[in-house]
Amino acid sequence: MSYKAFEKKDLGFTTRQLHAGYDPAEHNGSKAVPIYQTAAFELGDYERCLRLFRYEEEGDSYVRFSNPTNRVLDRRLTSLEGGSASITFASGMAAISGTFLNLCQAGDNIVSVRTLYGGSTELLQSVLKPYGIEARFIEDENDVESYRQYIDDHTKAIYIEALGNPGMNVLDVDAITELAHSYGIPVVIDNTFATPYLFRPFEHGVDIACYSATKYLSGHGTVIAGMVSEAGTFDWLGGRFPQFEAFYEEYKDLIDDKTLRTQMFTQRLRIVYLMQLGGHMSPQTAFYVLQGMETLSLRMERHVYNAQKLAEFLDQHPAVTEVRYPGLPDSPYYELGRKYFPKGPGAIISIRIRGGKEAALRVLENVEIFDYMTNVGDAKSLIVHPASSTHFGHTPEENAAAGVFEDTLRISVGIEDIDDLIADIGQALDRS
Ligand SMILES: *Cc1c(COP(=O)(O)O)cnc(C)c1O
């Protein structure tokens, strides 16, 4: 029954988040997904060993690149995304860096926006640069036509985020994917802030979705984890990606053609990057992510409900000069938010405090329920001063472009009782 749930795409999201990708009959009837705490697996016989190492047979040999616990998680996310395959990494940054390396070789470039997660901006503009991979940051990300001037024959992806950090800006994803595909370029999205429950990347033409599963997917602030999911519809053999053509040549006689073509991105991530660079999620962590994902839709509903109420409260509070949340009608992203996030535009809010940095720091000192932390996507509410933490070390111009000022606070709204959250932030603002 349960395994069938993986294949049945007509089952609801909440049913699939509990059952998809797992058959207890394959695991001694265990109803919870077992944690395979082992470094390696018995290979059986010589012929099977060869089949495994040629990737002809799905199975496990060494846990640097696969494990049955992680495979359930791969399948579960694939089912929730409506894609073709997924793969687990030790962190969101491992997932994102693996993705960039899979896309680019020296001389290539990635076209991206200024409103990315700080670590991703840093990776693109500082870490990859000496390896010959260039990041081209778009001046005005809302002007999709202007993206054309950044694209050339060596552009290997347009990289965006579902909800910008921390300004919660919403991009016109349909227009971006249409433009990218007209050049034969894939679109990669970091869907961490939205999750597949609030935003459906592949239904809007996105080709690859990356996640920090540290956040809402696991949902309780207990693990560092990352994932990549692929839609399965992009043609990697269209001429722009010699590395995928070489990969196809190498595996076309071993892996079934449809599987190889539709799972090309994740297969290569596993066979080249997990295999050679490492960075796989541990099976313990996969278990925690699976456990968290069982309640994903329920948590997200409560997260967005609370975020909307809190944003409305903050919007009328005299100590707050600006609230950035796409669910507010005066947000410049309200219409796009309604189009792309019909269930609610996430649960991160950024605010600016009257009285500048000192006043903002007093809010941090005086909150009691909100915890002062750089994390987001925990069931518990969190608050942070981005300029001195997540966006520390960037120039004021770079930060302004991302919506980060000295008086900005970013709130990750948890699932507590909304009256308590409003009372807590209210008293801290009153004392700012
Ligand atoms: C946290 C985060 C990351 C990095 O993920 P880690 O799991 O911390 O490595 C990437 N993108 C976004 C949007 C994030 O919030």
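Counting convention: from 1, in listed order, for ligands and their atoms alike. Values in this document were obtained by computation on a predicted structure and should not be read as measured data.
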Should Asp417 and Arg302 count as an ion pair when the cut-off is N to O under 4.0 Å? yes
Are any of the N or O atoms of Ser212 closer than 3.5 Å to those of ligand 1? yes
For the pair Glu58 and Arg75, find out whether any cationic side-chain nitrogen is under 4.0 Å from an anionic carboxylate oxygen. yes
When you look for heavy atoms under 4.0 Å from ligand 1, do you find them on the side chain of Ile96, its backbone, both, or neither? side chain
Thinking salt bridges, do Asp108 and Lys156 make one under a 4.0 Å N-O criterion? yes
Any non-hydrogen atom of Asp190 lying under 4.0 Å from ligand 1? yes
Plane angle bin for Phe241 and Trp236 - parallel if under 30°, tilted between 30 and 60°, otherwise perpendicular: perpendicular
Does Phe137 have Arg114 sitting over its ring (NZ/CZ under 6.0 Å from centre, angle to axis within 45°)? yes
Short N or O distance, Glu161 and ligand 1, threshold 3.5 Å exclusive: no
Pick one of side chain, backbone, both or neither for how Ala225 approaches ligand 1, counting any non-hydrogen atom pair under 4.0 Å. backbone
Nearest non-hydrogen contact to atom 2 (C) of ligand 1 from the set Met227, Lys215, Met93 belongs to Lys215
Just need the protein heavy atom nearest to atom 10 (C) of ligand 1, so name the residue and atom and give the distance. Tyr117 CD2, 3.4 Å
Go through ligand 1 atom by atom and flag the ones less than 4.0 Å from a non-hydrogen atom of Thr214. 6 (P), 7 (O)
So for Asn375, does at least one of its heavy atoms come nearer than 4.0 angstrom to any atom of ligand 1? no
With the threshold set at 4.0 Å, does a side-chain nitrogen-carboxylate oxygen contact exist between Glu301 and Arg299? no
N/O to N/O below 3.5 Å, does that happen between Val376 and ligand 1? no
Looking at ligand 1, does any of its N/O atoms fall within less than 3.5 Å of an N/O of Gly92? yes
Phe199 and side chain to side chain contact (heavy atoms under 4.5 Å, CB included): which single residue from Leu163, Val170, Ile189 fits? Ile189
Assess whether a salt bridge exists between Lys339 and Asp174, defined as any Lys/Arg side-chain N lying under 4.0 Å from an Asp/Glu carboxylate O. yes
Taking 4.0 angstrom as the limit and counting only heavy atoms of Ser91, give me the atoms of ligand 1 inside it, by number and element. 7 (O), 9 (O)
